[in-house]
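Working notes, beginning with the structure itself.
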Amino acid sequence: MSRPATGDRTLVIRNGTMIDGSGRAPTPNDALVVEGNRIRSVGRLPESVRLDGSRTDVDVIDASGQWIMPGLIDAHTHLSYGYPQLRGEGRGRGTTRPELGVLKAAWSAQKVLRSGVTSISVPGGTWFTDVGVRDAIKLGVLEGPRVYCAGRMIITYGSIEDDEPSWVGTPEHSVGVLCNSAAEMVTEVRRQCKHGVNFVKMADSRSGDVQTLAKEEIAAVVDEAHRRGARVAIHSRGGASTRTAAEAGVDWIIHADLATEADLDAVARAGVAILPTMTFLAMVVEAGGRFGQDMIQMDVGRMKRHLDGLIRVVESARARGIRILCGTDTGNNTFMPFGELHAKELEILVTYCGFTPLEAIVAATGGNAFAVGLEGDVGVLEAGKLADIIILKRDPLADIRVLQGGHELAWVIKDGKVTNLGDHAREPRPIAFSVT
Ligand SMILES: [Zn+2]
């Protein structure tokens with residue numbers, strides 16, 4: 001096997017079983033041909049691509065006995081929460097050093113890509129760190145997944161991330177930004193759009209016990225963001241806030257765990273997607289709350305109730321034809337390490353929510369393209385689509401867990417370029433995070 005290079009060469013992946021991300025059954029594939037950053041063909045090797053050694057601009061991967069599928073998309077990853085704990089320094093609730101935070105985010109992004117995740121949607125972070133990392137990856141300054149990101153979350157008093165007393169508010173280093181009127185929210189939307197966000201993240205209360213955003217406020221944000229070409233997502237665990245957000249026209253709702261059947265009817269009528277994000281809750285429950293020194297969020301009993309609620313919501317939402325996005329909340333806490341858990345949500349969908357492994361893979365590939373603004377352009381292995389491809393040594397349909405952590409990866413190809421999988425880089429010193 002010749003080692004594939006990068007650039008505008010032709011890459012041919014011979015043999016292997018292809019799971020194309022559209023929901024079609026897996027098929028043996030003769031050749032997947034990549035030219036530049038797009039897939040030229042799948043199926044039989046085209047006559048014009050000769051593999052007799054006469055062309056020096058063709059690289060070949062032999063995927064015999066392996067599985068070829070689209071790169072994974074995690075619709076919920078935070079790159080810029082937290083900071084390395086430095087001895088002798090106080091701890092704030094967010095990153096207090098932007099320069100260090102940016103470098104850490106860039107390093108984390110590389111770990112994400114090396115685990116087979118070729119796109120991420122980032123619903124909130126510090127400053128415009130994620131915009132910067134996104135653009136650096138686009139420019140080729142560093143290797144990482146495609147990044148589709150929001151800025152700081154728009155919140156009111158009592159929303160999640162309003163962690164300081166009112167006389168402190170939300171300092172520059174926090175992931176929330178207080179806006180206590182529709183006018184303030186619109187100004188913040190304009191500021192964030194000026195700085196290049198792909199979407200605006202709003203956030204209601206942490207647990208959904210109270211509703212902290214009014215319908216007119218959400219509608220004002222949606223109107224302003226959409227007019228400027230940005231979309232809107234909202235952290236909403238409550239039933240009333242979920243229904244309100246759907247009726248106000250947001251593009252997707254994150255969590256929705258306390259939604260009633262009537263609330264889900266409203267979501268279905270509005271045609272809004274739900275991003276349940278069960279992985280974070282499952283991790284808290286599985287870890288038995290041993291991480292939670294000071295966070296009310298770490299009440300394991302409460303987390304279990306939220307997880308059970310989400311499983312019910314996913315089943316009910318699917319029955320109504322609501323699109324279920326697939327994300328993990330990686331990077332929101334110390335026990336959500338980059339590159340490790342991005343495919344755990346698929347395992348949860350299969351284990352608890354009645355998805356087949358193939359349906360879970362579609363949710364995290366072709367289906368999730370919506371969450372990164374590339375619907376119909378990425379996440380499916382077809383001629384003309386962006387060439388984001390992973391090749392696995394084990395069958396993910398036989399055991400969906402082989403997608404986790406990148407441990408069974410043979411190759412990762414993003415935007416037509418082969419990724420250097422490197423050594424399995426170790427996490428640095430423990431990192432403190434605030435929690436969504
Ligand atoms: Zn989150």
Side-chain angles (χ1 to χ4, degrees), residues 23 73-76 121 123 160 202-211 213 215 218 231-286 297 300-329 343-371 375 400 436:
I73 301 172
D74 188 339
H76 195 159
S121 188
I160 190 170
M202 303 189 80
D204 205 270
S205 61
R206 182 180 295 277
S207 311
D209 46 349
V210 292
Q211 187 181 343
L213 294 167
K215 187 172 184 178
I218 302 170
R231 299 199 292 169
V232 178
I234 185 168
H235 165 100
S236 166
R237 291 199 185 272
S241 58
T242 294
R243 181 197 293 240
T244 302
E247 290 172 351
V250 302
D251 296 281
W252 68 99
I253 296 168
I254 303 172
H255 306 306
D257 29 336
L258 301 179
T260 63
E261 300 295 310
D263 296 326
L264 291 174
D265 284 339
V267 175
R269 270 196 304 276
V272 174
I274 292 178
L275 169 55
T277 317
M278 294 172 283
T279 299
F280 170 65
L281 298 172
M283 289 301 291
V284 174
V285 172
E286 286 178 14
Q297 180 84 323
V300 175
R302 198 167 64 76
M303 289 289 120
K304 179 78 169 65
R305 286 195 297 280
H306 277 289
L307 181 57
D308 290 344
L310 268 182
I311 290 166
R312 177 191 56 78
V313 162
V314 170
E315 288 168 345
S316 297
R318 261 187 117 203
R320 286 169 170 77
I322 294 170
R323 184 202 296 265
I324 303 296
L325 301 168
C326 189
T328 60
D329 232 333
K344 183 155 179 82
E345 192 82 359
L346 286 79
E347 179 193 347
I348 294 169
L349 289 172
V350 169
T351 306
Y352 299 112
C353 302
F355 281 58
T356 65
L358 188 62
E359 288 169 340
I361 286 173
V362 171
T365 54
N368 254 358
F370 169 84
E375 198 173 11
I400 197 73
T436 38

Interatomic spacing from OG1 in Thr244 to CD in Gln211 - rounded to 0.5 Å: 4.0 Å
Hey, which of Ile254, Asp329, Ile234 is the one that makes side-chain contact (heavy atoms from CB on, under 4.5 Å) with Leu275? Ile254
Closer than 4.0 angstrom, basic N to acidic O: yes or no for Arg320 and Asp265? yes
Work out which heavy atom in Ala240 is nearest to a heavy atom in Asp263; give both atom names and the distance. N-OD2, 4.3 Å
Measure the spacing between CG of Leu349 and CD1 of Ile361 and express it to the nearest 0.5 Å. 11.5 Å
When rounded to the nearest 0.5 angstrom, what distance separates CG in Leu213 from CE in Met202? 4.5 Å
Does the side chain of Tyr352 come within less than 4.5 Å of Leu307's, by heavy atoms? no
Taking all non-hydrogen atoms of both residues, which atom of Trp252 and which atom of Val272 are closest, and how far apart? CA-CG1, 3.8 Å
Which heavy atom of Ser121 sits nearest a heavy atom of Pro123, and at what distance? O-CD, 3.3 Å
Quick one: OG on Ser241 to NE2 on His235, what's the gap to the nearest 0.5 Å? 8.0 Å
Do NZ/NE/NH1/NH2 and the carboxylate oxygens of Glu315 and Arg312 come within less than 4.0 Å? no
Side chains of Arg302 and Ser207: is there a donor and an acceptor less than 3.5 Å apart? yes
Do Ser316 and Glu261 have side-chain N/O donor and acceptor atoms under 3.5 Å apart? yes
Main-chain N/O of Gly309 paired to Asp257 side chain as donor or acceptor, under 3.5 Å: no
Give the minimum heavy-atom separation between Glu359 and Gly354, together with the two atoms involved. OE1-O, 3.9 Å
Sub-4.5 Å side-chain heavy-atom contact between Leu325 and Ile274: no
State, with a plain yes or no, whether a side-chain heavy atom of Arg237 is found less than 4.5 Å away from one of Arg206. no
Thr242 and Ser236: which non-hydrogen atoms are nearest, and at how many Å? OG1-OG, 2.8 Å
Parallel, tilted or perpendicular: which one describes the rings of His76 and His255, with boundaries at 30° and 60°? tilted
Distance-minimising heavy-atom pair for Ala282 and Ile348: CB-CD1, 3.7 Å
Do Pro276 and Val313 come close enough that some side-chain heavy atom pair is under 4.5 Å? no
Between Thr328 and Glu345, do the side chains contain a donor N or O and an acceptor N or O under 3.5 Å apart? no
Could you go step by step and tell me if Met278 and Cys353 meet the side-chain contact (heavy atoms from CB on, under 4.5 Å) rule? CA-CA 11 Å; Met278 294 172 283; Cys353 302; 3.9 Å; yes
From Phe280 CZ over to His306 NE2, what is the distance, rounded to the nearest 0.5 angstrom? 10.5 Å
Once rounded to the nearest 0.5 Å, what's the spacing between atom CD1 of Ile400 and atom NZ of Lys344? 12.0 Å
